[in-house]
**Q** 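Have a look at this one.
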Amino acid sequence: MGWTIALHGGAGDIPLSLTPERRQPREEALRHCLQIGVEALKAKLPPLDVVERVVRELENIPQFNAGKGSVLTSNGTVEMEASIMDGTTMDCGAVSGLTTVVNAVSLARLVMEKTPHIYLAFDGAEEFARQQGVETLDSSHFITAENIERLKQAKEANRVQIDYTQPIQNDTKKETAIDNGDSQIGTVGCVAVDGNGNLASATSTGGLVNKMVGRIGDTPLIGSGTYADARCAVSATGKGEAIIRGTVARDVAALMEFKGLSLEEAATCVIHERTPKGTVGLIAVSAKGEVAMPFNTTGMFRACATEDGYSEVAIWPSAKIE
């Protein structure tokens, strides 16, 4: 048994024709963030520190739907959310409705460590951030030209949509767009286990394009988008409402605990038997150092590495990049 790390940059209906200018920056970012995590594990940092460090970096990369690249609400504003969980202690923290906090995942950890609570949101979370002295910036910092265009497309199509959505080309496609979002996904997350079997998970997102102000997804909900215990650590990505209904992250752990399934068996069951096709992906590691990265969408930006030297960066099924 040795350390293992996995991370994701969102899953969804990612077309094989995805242009290099959209694909390559994400691939490079995954490699960069994976290396950060690997170096942290080699330096014997606790898994909780590792997943926070990796997700902070993912939040700072505008190509992903978290932090700097967060998508916009129907009002053209950002509302970011994140959560983090320590599998050894089962301590956890979560935040929602952030508009100025540079790294939501770190504020979630402060909620876990500095308050008697698990979850803070909106004005209360922003006030707590100021009290703790975490880095904040004007909300305009988080708004990118690409996400302004995404919001425009979503409003024209009268739909809530998720990251990686391709522009609607004609009226026929517009008529088939569904109001509660299509199969395009975007969130970031990281899971890690050290050589002693200690586990941790963290997830962060900007949510859905054109979402209602005040909407909360699966990412900050412990047991849905994020979960870690003594058996495994899980971070989910996909349509938040589907993940919440299926308590996806906890379900993986529950299948291992109560049915005795392996990590691979449990993760595969949750993704391919318990959630609607085209809605969900996840990354997971076990206390034994196993890794699973299943998804029922077209693709998922993902990466993993193990202490024995295995490394993978991929988008589509059986499409290892390195």
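Just so you know, these numbers come straight off a predicted model, no measurement behind them.
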**Q** Is a side-chain N or O of E59 found less than 3.5 angstrom from the main chain of V105, in a donor-acceptor match?
**A** yes
**Q** Using atom types as modelled and distance alone, determine if a side-chain donor or acceptor of D229 lies under 3.5 Å from a backbone N or O of A253.
**A** no
**Q** Between K42 and E39 (salt bridge meaning N to carboxylate O under 4.0 Å), is one present in this structure?
**A** no
**Q** Between S74 and N210, does any side-chain donor sit less than 3.5 Å from a side-chain acceptor?
**A** no
**Q** Is E146 salt-bridged to R150, cutoff N-O under 4.0 Å?
**A** yes
**Q** Check the pair N296 / T275 against side chain to side chain donor-acceptor pair (under 3.5 Å), numbers first and verdict last.
**A** CA-CA 8 Å; N296 62 27; T275 53; 3.1 Å; yes
**Q** At what distance, to the nearest 0.5 angstrom, does CG of L98 lie from OG of S139?
**A** 12.0 Å
**Q** Step by step, would you call T306 with D308 a side chain to side chain donor-acceptor pair (under 3.5 Å)?
**A** CA-CA 5 Å; T306 62; D308 62 12; 2.4 Å; yes
**Q** Checking the side chain of S286 only, and the main-chain atoms of E290 only, is there a donor and an acceptor separated by less than 3.5 Å?
**A** yes
**Q** For A305, does its backbone N or O pair with a side-chain atom of W3 as donor and acceptor, under 3.5 Å?
**A** no
**Q** Is it true that K239 and D218 have a side-chain N and a carboxylate O under 4.0 angstrom from each other?
**A** no
**Q** Count the heavy atoms of every other residue, nucleotide or ligand shown that sit under 6.0 Å from CZ of R231, and state whether that count exceeds 12.
**A** yes
**Q** Going by an N to O cut-off under 4.0 Å, is there a salt bridge joining R26 and E21?
**A** no
**Q** Give a yes or no on whether a salt bridge exists between E241 and R215, defined as a side-chain N under 4.0 angstrom from a carboxylate O.
**A** yes
**Q** Mind checking the CG-SG spacing from L30 to C304? Nearest 0.5 Å is all I need.
**A** 11.0 Å
**Q** Under the 3.5 angstrom rule, does the side chain of K68 hit a backbone N or O of H141 as a donor-acceptor pair?
**A** yes
**Q** Which atoms form the tightest heavy-atom contact between A292 and A267, and what is the distance?
**A** CB-CB, 3.9 Å
**Q** Do L261 and L282 share a hydrophobic cluster, counting only Ile, Leu, Val, Met, Phe, Trp and Tyr and linking them when any side-chain heavy atoms are less than 4.5 Å apart?
**A** yes
**Q** Does T297 use its side chain to pair, donor to acceptor, with the backbone of G12 at less than 3.5 Å?
**A** yes
**Q** Side chains of T77 and N75 only: does a donor on one sit below 3.5 Å from an acceptor on the other?
**A** no
**Q** Counting only N and O atoms by type, is there a donor-acceptor contact under 3.5 Å from the side chain of E126 to the main-chain atoms of T100?
**A** yes
**Q** Indicate yes or no for a side-chain donor-acceptor contact from R109 to the backbone of E52 under 3.5 Å, with no hydrogens or angles considered.
**A** no
**Q** Check whether L221 and F122 end up in the same hydrophobic cluster, where Ile, Leu, Val, Met, Phe, Trp and Tyr are linked by side-chain heavy atoms less than 4.5 Å apart.
**A** yes
**Q** Counting neighbours of CE on M90 that are heavy atoms of other residues, nucleotides or ligands and sit closer than 6.0 Å, is the number greater than 12?
**A** yes
**Q** Would you kindly say whether N147 and N65 are connected by a side-chain donor-acceptor distance under 3.5 Å?
**A** no
**Q** So E79 and T73, side chain to side chain donor-acceptor pair (under 3.5 Å) or not? Walk me through it.
**A** CA-CA 7 Å; E79 290 184 353; T73 70; 5.5 Å; no
**Q** Surrounding CZ of R245 (heavy atoms of other residues, nucleotides or ligands, distance under 6.0 Å), is the total greater than 12?
**A** no
**Q** Evaluate the criterion side chain to side chain donor-acceptor pair (under 3.5 Å) for residue pair T203 and T226; output intermediate values, then yes/no.
**A** CA-CA 6 Å; T203 315; T226 302; 2.7 Å; yes
**Q** Within the supplied structure, the quantity of interest is the number of heavy atoms (other residues, nucleotides, ligands) at a distance under 6.0 Å from K114 NZ; does it exceed 12?
**A** no
**Q** Kindly give the cluster partners of I283, where membership spreads through any ILVMFWY side chain lying under 4.5 Å from a current member.
**A** V191, V193, L199, V285, V291, M293, F295, M300
**Q** Which heavy atom of G225 sits nearest a heavy atom of A249, and at what distance?
**A** C-CB, 4.2 Å
**Q** Nearest 0.5 Å, what's the CD1-OG distance between I216 and S96?
**A** 4.5 Å
**Q** Would you say the side chains of T205 and T219 form a donor-acceptor pair under 3.5 Å?
**A** no
**Q** Does E273 reach the main-chain N or O of T268 with its side chain, forming a donor-acceptor pair under 3.5 Å?
**A** no
**Q** Could you check whether any side-chain N or O of D86 sits under 3.5 Å from a backbone N or O of T88, counting only pairs where one atom can act as donor and the other as acceptor?
**A** yes
